[in-house]
Amino acid sequence: MLLEKWFLKDLKYFLLTCKDRVSISKVHAVVITSGIFSNGISPCQLITSYFRTADRNFAHTLFDSLPKRGINSWNAMLIGYSRGNDPLEVINLYKQMRLERVKPDSSTFTVAIKACTSLMDINSGKEIWKNAVECGYGDDIFVGSSVLNLYAKCGKMDEAMGVFEKMSKRDVVSWSTMITGLVKSGKAREAINLYRRMQKEGLEGDGVVMLALIQACANIEDLKMAYSLHAYMIRRGFHMDGVAQTSLIDMYAKYGKVDIACSLFRTMSYKNVVSWSTLISGYARNGYAGNALQLLIEMQSCGFEPDLVSLVSALLACSQVGFPLLGREIHGYIVRRRLDVNQNQVLGTTLIDMYAKCGLLSRAHVLYKRMSSDDIILWNTIIASYGIHGQGEEALSIFHQMIETDTKPDHVTFASLLSAMSHSGLVDEGRYWFDVMIKEYKIQPMEKHYVSLIDLLARAGRVEEARSLIGSMECEPGIAVWVALLSGCINHKKFSIGELAANKVLELNPNSPGIYALVSNFFATAKKWDEVAMVRKIMKTGGMKKFPGYSVVEVNGKLHAFVVEDKSHPQYGEIMGILEEMENEMRDMGYVPKTEFVLHNVEEEVKVQMLRNHSERLAIGFGILNTGNGTRLVITKNLRVCGDCHEAIKFISVIVKREIIVRDMKRFHHFKNGRCSCGDYW
DNA sequence: GTAGGGTTAG
C-alpha cells in the first residue's frame with residue numbers, strides 16, 4: 001500500500017494527539033508495512049506517542065527494535081521518561097547512550113540534568129554539565145537554565161549565581177529560576193533586587209516570576225513593597241490564577257492585613273481547600289480566633305471538607321482564646337474522619353499545644369505519650385507546655401529524655417527550657433543550661449534567652465547578677481530585658497538598680513500601657529511620686545495605642561468575653577454585686593487594693609472601682625455566678641494579669657473554695673487555697 | 001523539542 005501525501009499528513013497529526021494505544025499500534029503497523037520510517041513518520045514520533053499512552057513497554061520495544069538509533073530516537077526516549085517522572089531511567093538511558101558513543105544535543109543534556117535535579121543528585125548533574133560544555137553546549141540557554149535549577153534546588157545559590165552571571169544570553173526562564181531559587185533559600189530581598197535588574201535589561205516577569213515575588217514580599221517586612229507589587233500586577237493587567245490569588249491572601253495575612261486578605265478571598269471565583277485554609281490560618285495567626293472558627297464552619301457549609309491545614313489553624317485559634325471545648329470537638333472530628341494523629345506530626349503537635357494552652361496539661365501529656373515519632377518541634381512543644389504551667393522540673397526531665405534520644409536541642413528548645421525554669425524558680429539550673437547552650441551546643445544566645453535568664457535571676461532577688469549579665473550581652477539589650485530586671489527590682493525593693501532599669505525602659509519608648517503601669521508601680525513602690533506623675537504625663541501626651549485587654553471564660557460550653565468595665569453585659573449588675581461582696585470579705589482577710597496599678601489621676605475610691613472592673617475580675621465574677629459550687633474556672637487573658645488582680649484572685653480562691661486558672665500572655669496561674677503556682681510573681 | 005512554579009499548618 002502506498003500512502004498518499006494527504007494521508008501521511010493526517011496520520012502525523014493523529015499521532016500528535018492520540019492517546020489510545022491500540023490506534024497508535026495500528027498506525028505503527030501501517031508505517032512498518034509501507035516502510036516509510038525514513039521519509040514520513042519517524043520512529044521518534046511513534047515513541048513519543050506511545051509514551052503519551054503511558055505505555056513505556058511499547059515505546060521501549062520499538063526503540064530496541066530499531067536497527068539504527070539516531071539522536072532523535074534517544075531524545076524521544078529520554079523525554080518520554082522525563083515526562084513520566086522516571087528520572088532514574090533517564091539517567092540510565094543517558095549513560096547507555098554515552099557508552100554507544102551517540103553524540104548528545106541540547107535536549108539530551110537539558111533533560112538529563114533535569115533528571116539529576118529531581119534526584120537531588122548534584123554530582124551527576126555537574127558531571128553532565130561538564131560533558132555539555134565539552135560538547136559545545138556551555139552557552140545553550142536551555143542547558144544553562146537546567147543547571148541553574150540544579151544548583152538552586154540543591155541549595156547552592158552561590159554556584160547558581162556564578163553560572164548565571166557567565167551566561168551570554170538569558171530569558172524569562174533563566175531569570176525566574178534564579179528569582180524563585182533566591183526566595184526559596186530565604187533571600188527575598190535579593191530576589192526582588194534581581195527582578196529589578198531583569199527589568200533594567202528590558203524583560204518583564206510572567207506568572208512564575210510574579211508568584212515568586214509575592215512570596216518574597218510575604219517574607220520581608222516591607223508593606224509598601226507588598227502593596228506596590230500588587231498594584232504593579234493590577235496595572236499590567238496580570239491574569240491572576242487561583243494560586244496567585246491564594247499567595248496574595250497569604251501575603252496580606254502575614255502583614256496582619258486580614259481585611260484585605262478577606263476581601264481578596266471573597267472575590268475569588270474558584271475557591272479551593274487551600275484558599276480557605278490560607279485565610280483561616282491568616283485569621284488564627286493574627287489573633288482573630290472567632291473569624292477563623294467561623295470560616296471553618298462556613299467552609300463546610302460551602303461543601304469543602306477541611307483538610308489538615310485548616311484543622312491545625314482552627315486548633316491554633318482554640319488555643320489562643322482558651323476554648324478547650326471546641327478544641328476537643330475538633331479533636332473528635334479528626335478521630336471520626338480517621339485522620340491519624342500519629343501519621344501527621346504537625347497535627348499531633350498542634351493538639352498537644354492546644355490542650356496545654358487550654359489548661360488541660362494532662363491530656364496534652366497523654367497525647368504526647370501516644371505519639372510514635374518525635375522531632376524537635378514536638379519536644380520543644382511539650383517542654384514549653386510544662387514550662388507555662390510552672391512545672392520546670394518536669395520540663396527539665398523531658399529535656400533530658402530528648403537528649404537521650406540524640407535529638408539536638410535548638411535555640412527554641414533552650415528558650416522554652418529557660419522560660420520553664422524562670423516560671424519555676426530553678427535559678428542555678430537556668431544559669432547552668434544557659435552556659436551549656438553556648439559552650440556545648442554553640443548556640444549564640446538571643447534576646448529571648450537573656451530575658452528568661454534575667455527574669456529568673458531578678459525574681460530570685462539576684463538583681464546585681466542580672467544587671468551584670470545585661471552588661472555582658474553581645475546584642476543590644478531590648479525593652480524586654482529591662483522589664484524583666486525591673487519586675488525583680490519591684491518585688492525585692494531594689495531601688496537603685498530598679499531606677500536604672502525604669503529609666504532604660506522609658507528611654508526605649510514602650511508602646512504599651514502595661515509596661516508604663518509597671519514603671520509607675522516601681523516608682524510608687526519607691527515612693528517617688530514626682531516620677532509617678534511623670535509616667536502618667538508621658539502616657540497622656542504620648543498618644544499611645546492602647547491594645548484593648550479582654551478576658552475570656554468558658555461557661556457551659558460557651559465562651560464569654562469581657563473587656564474592662566463591661567457595662568454592656570446583661571449580668572453586669574450582678575457581677576459587680578458579687579465582686580463587691582467578696583471584696584469586703586477579702587479586706588477582712590488582709591487584702592489591700594494595689595491602686596498604683598491604676599494610671600489615672602482620680603480619687604482613691606474610683607481607683608478601687610477601676611480595679612474591680614478589670615476584665616479578668618468580671619470574667620471570674622461571671623463564672624462564679626453561672627457555674628456550680630466548686631467548678632474550676634479557666635480564664636484566658638490576652639495581656640498580662642494585673643498585679644492587683646493577681647493578689648485578689650488568691651483571696652477569691654479561698655472564699656469560693658475553687659480552683660481558678662488564669663492564662664495570660666505569658667503563662668498559667670493556678671490559684672488554689674490562696675496561693676498561686678507562680679509563687680508571688682506575676 | 002529541551003529549561004523555571006503551584007499557594008496553606010506545629
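Bear in mind the structure is a predicted one, so any value in this text is a computation, not a measurement. Because only heavy atoms are used, hydrogens play no part in the values below, and waters and symmetry mates are left out as well, while side chains stay in. To find a chain, count down the sequence lines: A is the first, B the second, and so on, and within it residues start at 1.
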Side-chain donor-acceptor distances from residues 282-291 of chain A under 3.5 Å, at least two apart:
residue	atom	partner	partner atom	Å
A/Arg285	NH2	A/Asp250	OD1	3.4
A/Asn286	ND2	A/Ala253	O	3.0
A/Asn286	ND2	A/Gly282	O	2.8

Presence of donor-acceptor pair under 3.5 Å, side chain of A/Ser247 and base of B/dT7: no
Contact list for DNA chain B against residues 144-152 of chain A - heavy-atom distance below 4.0 Å: A/Ser145, A/Asn149
Euclidean distance, atom NE2 of residue A/His230 to atom C1' of B/dT7 [Å, nearest integer]: 15 Å
Closest to side chain of A/Phe142, choosing from B/dG5, B/dT2, B/dT7: B/dT2
Salt bridge (charged side-chain N to carboxylate O under 4.0 Å, His left out) involving A/Asp241 - partner list, sequence neighbours excluded: none
Side-chain N or O of A/Lys153 closer than 4.0 Å to phosphate OP1/OP2 of B/dG5: yes
Stretch residues 275-289 of chain A: residues that reach within less than 4.0 Å of DNA chain B through a heavy atom: A/Ser277, A/Thr278, A/Ser281, A/Arg285
Heavy-atom donor-acceptor pair, A/Thr246 side-chain to B/dT8 base, under 3.5 Å: no
Distance, rounded to the nearest Å, where A/Met210 contributes CE and B/dT7 contributes P: 18 Å
Sugar-phosphate, base or nothing in reach of A/Ile79, heavy atoms under 4.0 Å: sugar-phosphate
Minimum-distance nucleotide to A/Leu378 side chain [options: B/dA9, B/dG10, B/dG5]: B/dG10
Of residues 338-360 of chain A, the positions that come close to DNA chain B - non-hydrogen atoms, cut-off under 4.0 Å: A/Asn344, A/Gln345, A/Val346, A/Thr349, A/Thr350
A/Arg337: partners by side chain to side chain donor-acceptor pair (under 3.5 Å), with sequence neighbours left out: A/Tyr333
Whether over 12 other heavy atoms sit under 6.0 Å from A/Gln401 CD: yes
Protein-nucleotide distance (A/Met299, atom CE; B/dA9, atom P), rounded to Å: 14 Å
Stretch residues 156-183 of chain A: residues that reach within less than 4.0 Å of DNA chain B through a heavy atom: A/Asp171, A/Val172, A/Val173, A/Ser176, A/Thr177, A/Thr180
Residues touching DNA chain B, which here means a heavy atom under 4.0 Å, drawn from residues 111-138 of chain A: A/Val111, A/Lys114
A/Asp206: partners by side chain to side chain donor-acceptor pair (under 3.5 Å), with sequence neighbours left out: none
Residue A/Val208, side-chain atoms from C-beta onward, closest of B/dG10, B/dA3, B/dG5: B/dG5
4.5 Å side-chain heavy-atom contact, A/Lys448 and A/Leu418: no
Sugar-phosphate only, base, or nothing, as touched by A/Asn380 at under 4.0 Å among non-hydrogen atoms: nothing
Worked verdict on A/Tyr355 versus A/His365 for ring pair (Phe, Tyr, Trp, His ring centres under 6.0 Å): CA-CA 9 Å; A/Tyr355 280 123; A/His365 183 83; over 10 Å; no
Going by atom type alone, with no hydrogens or angles, which donor-acceptor pairs under 3.5 Å involve a side-chain atom of residues 120-131 of chain A and a protein atom two or more places apart or on another chain?
residue	atom	partner	partner atom	Å
A/Asp121	OD1	A/Asn123	N	3.4
A/Asp121	OD1	A/Ser124	N	3.1
A/Asp121	OD1	A/Ser124	OG	3.2
A/Asp121	OD2	A/Ser124	OG	2.5
A/Asn131	ND2	A/Tyr94	OH	3.0

Geometric cation-pi criterion, A/Lys271 with A/Phe304: 6.0 Å, 45°: no
Solution key, residues 186-194 of chain A side-chain donor-acceptor pairs under 3.5 Å, sequence neighbours excluded:
residue	atom	partner	partner atom	Å
A/Arg189	NH1	A/Asp222	OD2	3.3
A/Arg189	NH2	A/Asp222	OD2	3.1
A/Asn193	ND2	A/Arg189	O	3.4

With a 3.5 Å cut-off and sequence neighbours excluded, list the donor-acceptor pairs that the side chains of residues 160-169 of chain A form with protein atoms.
residue	atom	partner	partner atom	Å
A/Glu165	OE1	A/Arg197	NH2	3.2
A/Glu165	OE2	A/Arg197	NH1	3.0
A/Ser168	OG	A/Asp139	OD1	3.0
A/Ser168	OG	A/Asp139	OD2	2.6
A/Lys169	NZ	A/Asp139	O	3.2

d(CG, A/Leu194; P, B/dG4) in whole Å: 18 Å
Touch class at under 4.0 angstrom, heavy-atom based, for A/Asp206 against every strand present: base
